[in-house]
Undergrad: 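What follows is a single structure, and I will ask about it in a moment.
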Amino acid sequence: MLIGMSSMRHSDTFFLSQKTANLIMWALATISIVFFGRDFYINAWRQTRHAHANMDTLIALSTGIAYLFSVFNTLFPTVLTSKGLESHVYFESVAVIIAFILLGRLLEERAKYSASSAIKKLAGLQPKKVTILRREYIHTSNSKYAGELDKNLDKELLFINLQDVVVGDIVVVKPGEKIPVDGIVVEGNSFVDESMLSGESIPIEKKLGCKIFAGTVNQMGSFIFRAEKIGEDTALSQIIQLVREAQGSRAPSQRLADKIASIFVPAVICIAVIAFILWNICGLASGNNYIVHSILALVTVLVIACPCALGLATPTAIMVGIGKGAQNGILVKDAEAMENARRINVVALDKTGTLTVGDPEVTDEFWDVPDNSTLKSILGGMECLSQHPIAEAIAKHYKHANVSDIETLPGMGITCTYPMPTAENKTDIQKTFYAGSLSLIKQKGIQIPEPIALKAEEYEAQAKSTVYFADKERVLAIMAVADKIKKSSAKAVKELHEMGVRVVMLTGDNSRTAQAIAQECGIVEVKSSMLPADKELYIRELQNNKQVVAMVGDGINDSAALARADVSIAIGEGSDIAMDAAKITITGSDLNKLPATIRLSKQTVKTVRMNLFWAFIYNIVAIPIAAGFFFPVNGFLLNPMIAGAAMAMSSVCVVGNSLLLNFRKI
């Protein structure tokens, strides 16, 4: 292009003769066509064989004619100069047109990598190696695994590959390990992080007879389980399959330009051919040889109608829109998501980590004793030594005293002793304290004062987890632990409602907790106790009812629903797998960016349509002039070189209009 622009002004280009410059441009344009633009010509030929035409047809025709015409003028420049016409070449236009169109298509192709990336990361949730009890040992032992974890089983353990596990194998899981297959606990107890299934941040207690699932993560305890489902039958494999099917079923975005091209392309070809024929007829009728003029008219029409501006109309607006989104914390992966976001009429929101912070904390506390600073530090010291998931939230909330005689009471809580001063402040006595559930308080026969009982009812009505703190005589305090909603949640939901968008909350949590969070956020529709497959199925049902659905989530359990949705939006503070499955990622956790995404999409698509309008107006005005329709009136005949410049100006207008998008507020 640089050589071509210089040669339009000077007879010599970069100390090269015009002929040498043309030969260099010819070589470069040939590389552009043969190596980079060959698919345009292949697709155009296939369309022609089936009597169809699209943008590829016009690209192939315009660049092909311009290339051949330029080759002719390079080899035989005197043919036109002898007629008083300039033998201009269009090699730079050929290369630039191909480059611009390919740039637009590159934006569409970028999203394909993310599909396989999400599936690979899901598969990576399973460990490659598995620890099992030797099958011979299982078959010869009469033990029902009672006390197996307390034995020295090193000689009986076998390390095998994941694919070698069979149904019935007895698998040993240690603290911090990923669970390899689905099964049932036969010995031991622990807490397991099942967020990849339910999305809930609080780990679930697992003991004898409990089901466990592949891809979930064991926390602090150890246990043995019997493999029940392996390979493609596991819950994790089914999630992977749902993601694969959802991503594969997505139809490609059909651009407005391609729709119009089915009419526009044949029309341009007809005009070019008619101009060629009419020039020859006029020449024969007048006794003049207008063959050169007819060829110039044919070439000029095809060059000026070349879809450079048309090809730039969508990708430039999309590129500017994506850049503007990035500046505002909205990361868009591909053009399809940007186009579809404006049509959203249903937003499905995950609860934990999306509407809520995703990290349980102490939201309320009530102490039935006036001087409680020492008691608070005792409670903090107890909970920092507990393995219960809720204990971590309480330990973060209070200072830690050095407690002693710690004893964990499985499924109920924890107890300790601490030296407390007597009433006379002469000597300290070791006093026993308890922290845990209501069942612990009842088992120990501890009195519950009426103010604490009333507070317990209040916290439970709000679907919050309660923790009691007591000594041997009575309950001293009660704490409420819950996952707080984000500051932006209620405002974002209200704004979506004002935009006419229906908002639904999808969560794996129980109905009571889900309703409490939904009410606080202003959400009316709630779907609770949903597994990953249930979320994906619900979105599919909405789509079958002609709804354009956006799924917003942050967890592995949301990946199938994200892949299925028309517009998938991940929270930037969530899992990498959710972000890979989603087409849009919101940096941070500000949900106010959801309505901003919809507004940005509307502005971008409006700019695309304006670009297409001006590109077509340009063609409607320029094509008749290029065909020579005004020659009989005033003798004006458009030079192909001027046609190329006009084509370039239309592209500049399109790009300039796209850049105006940067100055609009979202």
Undergrad: Using a 6.0 Å cut-off, check whether atom CD of Glu232 has over 12 heavy atoms from anything other than its own residue.
TA: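 It does not: Glu232 CD has 12 such atoms or fewer within range.
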Undergrad: Among residues at least two apart in sequence or on other chains, which ones pass side-chain contact (heavy atoms from CB on, under 4.5 Å) with Leu28?
TA: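 side-chain contact (heavy atoms from CB on, under 4.5 Å) check on Leu28 returns Ile24.
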Undergrad: Hey, are the side chains of Tyr41 and Ile33 touching, using non-hydrogen atoms and a 4.5 Å cut-off?
TA: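 They are in side-chain contact.
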Undergrad: What distance separates Asp590 CG from Ser488 OG, expressed to the nearest 0.5 Å?
TA: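 One gets 4.5 Å once the value is rounded to the nearest 0.5 Å.
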Undergrad: Taking the side chain from Ser237 and the backbone from Gly231, do they hold a donor-acceptor pair closer than 3.5 Å?
TA: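 Indeed, once roles are kept as given, a pair shorter than 3.5 Å links the two residues.
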Undergrad: Nearest heavy-atom pair of Leu562 and Ser568: which atoms, and what distance?
TA: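 Residues Leu562 and Ser568, closest heavy atoms: O-CB, 2.9 Å.
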Undergrad: Would you say Gln543's side chain and Arg564's backbone share a donor-acceptor pair under 3.5 angstrom?
TA: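 Yes, because the side chain of Gln543 sits within donor-acceptor range (under 3.5 Å) of the backbone of Arg564.
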Undergrad: Is there a donor in the side chain of Asn611 and an acceptor in the side chain of Asn657, or the other way round, less than 3.5 Å apart?
TA: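 Asn611 vs Asn657: donor-acceptor pair found between side chains.
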Undergrad: Can you tell me how far the CZ atom of Phe40 sits from the OG1 atom of Thr63, to the nearest 0.5 Å?
TA: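 If I round to the nearest 0.5 Å, the distance is 8.0 Å.
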Undergrad: Could you tell me the separation between the CZ atom of Phe76 and the OG1 atom of Thr78, rounded to the nearest 0.5 Å?
TA: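 If I round to the nearest 0.5 Å, the distance is 9.0 Å.
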Undergrad: Would you mind reporting whether Phe72 and Leu68 have side-chain heavy atoms less than 4.5 Å apart?
TA: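 They are not in contact (no side-chain heavy atoms under 4.5 Å apart), so the answer is no.
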Undergrad: Would you mind reporting whether Ile666 and Lys324 have side-chain heavy atoms less than 4.5 Å apart?
TA: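 Side-chain contact under 4.5 Å: yes.
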Undergrad: Testing Val608, Leu661, Val320 for side chain to side chain contact (heavy atoms under 4.5 Å, CB included) with Gln603, which one passes?
TA: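 Testing each of Val608, Leu661, Val320 against Gln603, the sole residue satisfying side chain to side chain contact (heavy atoms under 4.5 Å, CB included) is Leu661.
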Undergrad: Could you measure the distance from the OG1 atom of Thr48 to the CG atom of Asp56? Nearest 0.5 Å is fine.
TA: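 Rounded to the nearest 0.5 Å, the OG1-CG separation comes to 10.0 Å.
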Undergrad: Counting C-beta onward and ignoring hydrogens, is there a side-chain heavy-atom pair between Leu75 and Trp26 closer than 4.5 Å?
TA: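 Of all side-chain heavy-atom pairs linking Trp26 with Leu75, at least one is under 4.5 Å.
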Undergrad: Looking at Ile322 and Val332, what are the two nearest heavy atoms and their distance?
TA: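 Minimum heavy-atom contact is CG2-O, 3.8 Å.
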Undergrad: Search all heavy atoms of Phe91 against all heavy atoms of Val71 and return the closest pair with its distance.
TA: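 Result for this residue pair: CZ-N, 3.7 Å.
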Undergrad: Could you pull out the closest heavy-atom pair between Ala492 and Leu591, with the gap in Å?
TA: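 Smallest interatomic distance, heavy atoms only, reads CB-O, 3.3 Å.
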Undergrad: For Ala317 and Ser658, work out which heavy atoms get closest and say how close.
TA: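 So the two residues come closest at N-OG, 3.4 Å.
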Undergrad: Ignoring hydrogens and geometry, is there a side-chain-to-backbone donor-acceptor pair from Lys486 to Gly353 under 3.5 Å?
TA: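 Yes, Lys486 side chain to Gly353 backbone: donor-acceptor pair under 3.5 Å.
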Undergrad: Mind checking what makes side-chain contact (heavy atoms from CB on, under 4.5 Å) contact with Arg502, not counting sequence neighbours?
TA: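 Arg502 satisfies side-chain contact (heavy atoms from CB on, under 4.5 Å) with Val346, Val504, Glu525, Tyr538, Leu542 only.
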Undergrad: CG of Asp566 to CD1 of Ile539: how many Å apart, nearest 0.5 Å?
TA: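 Interatomic distance, Asp566 CG to Ile539 CD1, rounded to 0.5 Å: 9.0 Å.
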Undergrad: Is the closest side-chain heavy-atom distance between Val567 and Lys583 below 4.5 Å?
TA: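 A side-chain contact is absent here, since even the closest heavy-atom pair is not under 4.5 Å.
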Undergrad: How would you list, by chain and number, every residue that makes a side-chain contact (heavy atoms from CB on, under 4.5 Å) with Val501, sequence neighbours excluded?
TA: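 Scan of Val501 (side-chain contact (heavy atoms from CB on, under 4.5 Å), adjacent residues dropped) gives Ile344, Val347, Leu496, Met499, Ile598.
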Undergrad: With side chains defined as the heavy atoms from C-beta onward, is the minimum distance between Ile586 and Ile569 less than 4.5 Å?
TA: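 SC-SC contact between Ile586 and Ile569 confirmed.
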Undergrad: Would you check if Leu349 and Leu594 make a side-chain contact, meaning some heavy-atom pair closer than 4.5 Å?
TA: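 SC-SC contact between Leu349 and Leu594 confirmed.
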Undergrad: Is there a side-chain contact (heavy atoms from CB on, under 4.5 Å) between Arg664 and Thr607? Walk through the geometry before answering.
TA: CA-CA 11 Å; Arg664 296 173 186 163; Thr607 302; 3.1 Å; yes
Undergrad: Please evaluate residues Thr604 and Arg342 with respect to the criterion side chain to side chain donor-acceptor pair (under 3.5 Å), reporting the C-alpha separation (whole Å), side-chain torsions for both, the decisive distance (0.1 Å), and the verdict.
TA: CA-CA 9 Å; Thr604 303; Arg342 69 187 173 87; over 6 Å; no
Undergrad: Go through the steps to decide whether Asn328 and Lys593 satisfy the test side chain to side chain donor-acceptor pair (under 3.5 Å), and finish with yes or no.
TA: CA-CA 8 Å; Asn328 290 274; Lys593 292 171 185 174; over 6 Å; no
Undergrad: If the threshold is 4.0 Å, N to carboxylate O, is there a salt bridge linking Lys535 and Asp350?
TA: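 So Lys535 pairs with Asp350 through a salt bridge.
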Undergrad: Would you say the side-chain atoms of Lys129 pair up with the backbone N or O of Leu162, donor to acceptor, closer than 3.5 Å?
TA: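 No; zero donor-acceptor contacts below 3.5 Å.
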Undergrad: State, with a plain yes or no, whether a side-chain heavy atom of Glu495 is found less than 4.5 Å away from one of Arg599.
TA: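 A side-chain contact exists here, since the closest heavy-atom pair is under 4.5 Å.
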Undergrad: Closest approach of Ser601 and Glu339, non-hydrogen atoms and distance?
TA: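 Result for this residue pair: OG-O, 3.7 Å.
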